[in-house]
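Quick note on labels: first sequence line is chain A, next is B, and so on, each numbered from 1.
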Amino acid sequence: MAQMTMIQAITDALRTELKNDENVLVYGEDVGKNGGVFRATEGLQDEFGEDRVFDTPLAESGIGGISIGLALQGFRPVPEIQFFGFVYEAMDAINGQMARMRYRSGGTKAQPITIRSPFGGGVHTPELHADSLEGLIAQQPGMKVVIPSSPYDAKGLLISSIRDNDPVVFLEHMKLYRSFREEVPEEEYTIDLGKAEVKREGADVTLVAYGAMVHSSLKAAEELEKNGVSAEVIDLRTVMPIDMDTILESVKKTNRVVVVQEAQRQAGVAAHIIAEIQERAILHLEAPVLRVTAPDTVYAFSQAEEVWLPNYNDIIERVNQVVNF
Amino acid sequence: MTENRHEKLGLSDEQVLDMYRTMLLARRIDERMWLLNRAGKIPFVISCQGQEAAQVGAAFALDRNKDYALPYYRDMGVVLAFGMTAKELMLSGFAKAEDPNSGGRQMPGHFGQKKNRIVTGSSPVTTQVPHAVGIALAGKMEEKDFVSLVTFGEGSSNQGDFHEGANFAGVHKLPVIFMVENNKYAISVPVSKQLACEKVSDRAQGYGMPGITVDGNDPLAVYEAVKQAADRGRQGEGPSLIEAVSYRLTAHSSDDDDRTYREKEEVEAARQEDSIHTFSAYLRELGILTEEKEQEMQDEIMKLVNEATDYAENAAYAEPETIFNYVYAE
Ligand SMILES: Cc1ncc(C[n+]2csc(CCOP(=O)(O)OP(=O)(O)O)c2C)c(N)n1
Ligand SMILES: [Mg+2]
């Protein structure tokens, strides 16, 4: 076992799959010689050659489109979008094309593509370099969206995403890239897509979160514990499809829920989760399901970032509301 | 004997001195921003260094009281020539509330200033290209005789936005000047991995417009090319594509380490052709610039840069509550 940051775990997962499967290709802007602007692909071109790890011209719709062609011919592309805010350039290739290929071809054609991309706020990058746009992809049937919250999960989930036979958008929160290390096995392992993890057991309220908000939720849970409130924290890990079974099981135990996301209120997947909970478990609820989100504005400028982003105090406040309802 | 080239272009000695002064100002502001960044005072720098000649040469060829500029993040030379001040640029570097570009809402280098017809762009590269085409189309429909200058990097000329914008402008014969600032790299990726054609200007042919490649270290060559393009545009003859070739003298940005992908010797060689030195030499050889005059100019510029730095450093940040402003019409 080795101590790894999330970015190291990601590189490790890419290396593992490049070794395991000669059809795996890694490419994007600056991913070759430079090793990626966040160094996620460092050393991979040297190790696997320019045919398998390469730089593309600066054009995201092309990156998306060629991935579709490569996948149709049996490759397993793992392209990178340098910042997820630039996904708009590739939206048609993703939501309009790769997501629908299986359906259009009557199940005869697969798109085993994993699009990796950094996203997320809290590192003083401005709008379009920090936006949480997972909701855009999550709303497209045919697409899967994975967001790891730890180095261990990042490796297992990325390997699973690459092996998955449907297109996956794999979002890497920039704040988590190097914020902490943990034990990550050097051998390969997978974590099932579509399975949430209960990060902390609790009895009074369920916090559903993903990405960096898992850590804010855990911190809130610790604080709440001191005031006698026992919070269960669920890390979605895959934000589409959502593991409703794990959420509902928890709801039936705690009867109170707060959904936490970094995205704006009108974005993300929180609204969807809440709708599912009230459709499927309303008689188990003791209080309305509340949300912690960013406000419905464009991603804030640096000096206002900490005000704009949801934090553990916001979570505590919402939890107190549902607990005292 | 050095030949006087600017006179033939209709430029006075004062005008070429003003060009040089603008190039030098851009360079000095940029250098200061790096120092401030390394001292932890400003969050991010993306440099004009190596491209000042192209930027200033192009802007001076336009009617800066009428024409539109849609610059990209390196274009400090363009925006200074269009009327943005050192102080305003520093306010943007420090991301202060008074920054006219965006009040600190965007990164430095995302230029925009309504009163000077500098049209704001955003982070995804090349998005400004079709905007410039739309502005030119509006001008044509309203029978105004302005042209719009849009600039971008050679890597960015691979984006669909370039091709769609150029094609539209070609079809409608719009007064747009597409200027590629070819600095040979897109972050770490060299031109050879970006384009299959020899020159970015070869792309013009596909869109029914003339395309030329000029020495981007020579402000007079760029001036001449842009002037011709502007005349064409104003006479209803349509768009032009100009490729100004120079070199990116700094790392891509303050977040980049260029040692991982290019040799120090290559950068050193490019420094020999740095337009700040070559244009200064040209002006000296003609006796337009003397050592004394240059020193005076340097002192005056340093004073401006110092004042701008002090002012911007002490200026206020935007209030956090203002994040709620300007999402919709009030
Ligand atoms: C759509 C989009 N993709 C990626 C980026 C990240 N990025 C910023 S600058 C840059 C390289 C641009 O190269 P070039 O067009 O040659 O301009 P230069 O920076 O060299 O002046 C990249 C990839 C971006 N800003 N927008
Ligand atoms: Mg370039």
Legend entry - A/D30 side chain reached by B/H252 side chain, heavy atoms, under 4.5 Å: no
Inset, instruction - Inspect the surroundings of CD in B/Q205 and state if more than 12 heavy atoms from other residues, nucleotides or ligands are less than 6.0 Å away. - result: no
Legend entry - Top of A/S302, A/A304, A/P57, A/G32 for chain B proximity - count of heavy-atom pairs under 4.5 angstrom: A/P57
Legend entry - Greatest number of heavy atom pairs closer than 4.5 Å to chain B - which of A/F86, A/F83, A/F301, A/Y299: A/F301
Inset, instruction - Inspect the surroundings of OH in B/Y326 and state if more than 12 heavy atoms from other residues, nucleotides or ligands are less than 6.0 Å away. - result: no
Legend entry - B/T127 portion near chain A, given a 4.5 angstrom heavy-atom threshold: side chain
Legend entry - Rounded distance [0.5 Å steps], OG1 in A/T297 versus CD1 in B/I323: 5.0 Å
Inset, instruction - State, yes or no, whether a side-chain contact exists between B/Q106 and A/L128 at a heavy-atom distance under 4.5 Å. - result: no
Inset, instruction - Give, as side chain, backbone, both or neither, the part of A/E42 having an atom under 4.5 angstrom from any heavy atom of chain B. - result: neither
Inset, instruction - Counting only heavy atoms closer than 4.5 Å, note whether B/P124 contacts chain A via side chain, backbone, both or neither. - result: both
Legend entry - Nearest heavy atoms of A/Q303 and B/A95, plus distance in Å: OE1-O, 4.0 Å
Inset, instruction - Below 4.5 Å from any heavy atom of chain B, which atoms of A/E127 appear? Answer side chain, backbone, both or neither. - result: both
Legend entry - Proximity breakdown for B/D255 and chain A, heavy-atom pairs closer than 4.5 Å: neither
Inset, instruction - Among B/S188, B/A318, B/G160, single out the residue with the greatest number of heavy-atom pairs under 4.5 Å to chain A. - result: B/S188
Inset, instruction - Might you confirm whether atom CD of B/E268 has over 12 heavy atoms from other residues, nucleotides or ligands at distances under 6.0 Å? - result: yes
Legend entry - Residue among A/E29, A/H124, A/E89 with most heavy-atom pairs under 4.5 Å to chain B: A/E89
Legend entry - Donor on one side chain, acceptor on other, B/Q159 and A/E60, under 3.5 Å: yes
Legend entry - Contacting moiety of B/F324, where chain A heavy atoms sit under 4.5 Å: both
Legend entry - B/E266, CD atom: more than 12 neighbouring heavy atoms under 6.0 Å: yes
Inset, instruction - Using non-hydrogen atoms and a 4.5 Å limit, figure out which bit of B/S102 sits close to chain A: side chain, backbone, both or neither. - result: neither
Inset, instruction - Taking the side chain as every heavy atom from C-beta outward, state whether B/S156 and A/L58 have any atom pair closer than 4.5 Å. - result: yes
Inset, instruction - Please state whether the side chain, the backbone, both or neither of B/E319 comes within less than 4.5 Å of a heavy atom of chain A. - result: backbone
Legend entry - Largest heavy-atom contact set with chain A, pairs under 4.5 Å, which of B/E321, B/K193, B/M107: B/M107
Legend entry - Worked verdict on B/T260 versus A/R39 for side-chain contact (heavy atoms from CB on, under 4.5 Å): CA-CA 11 Å; B/T260 61; A/R39 319 233 67 78; 4.2 Å; yes
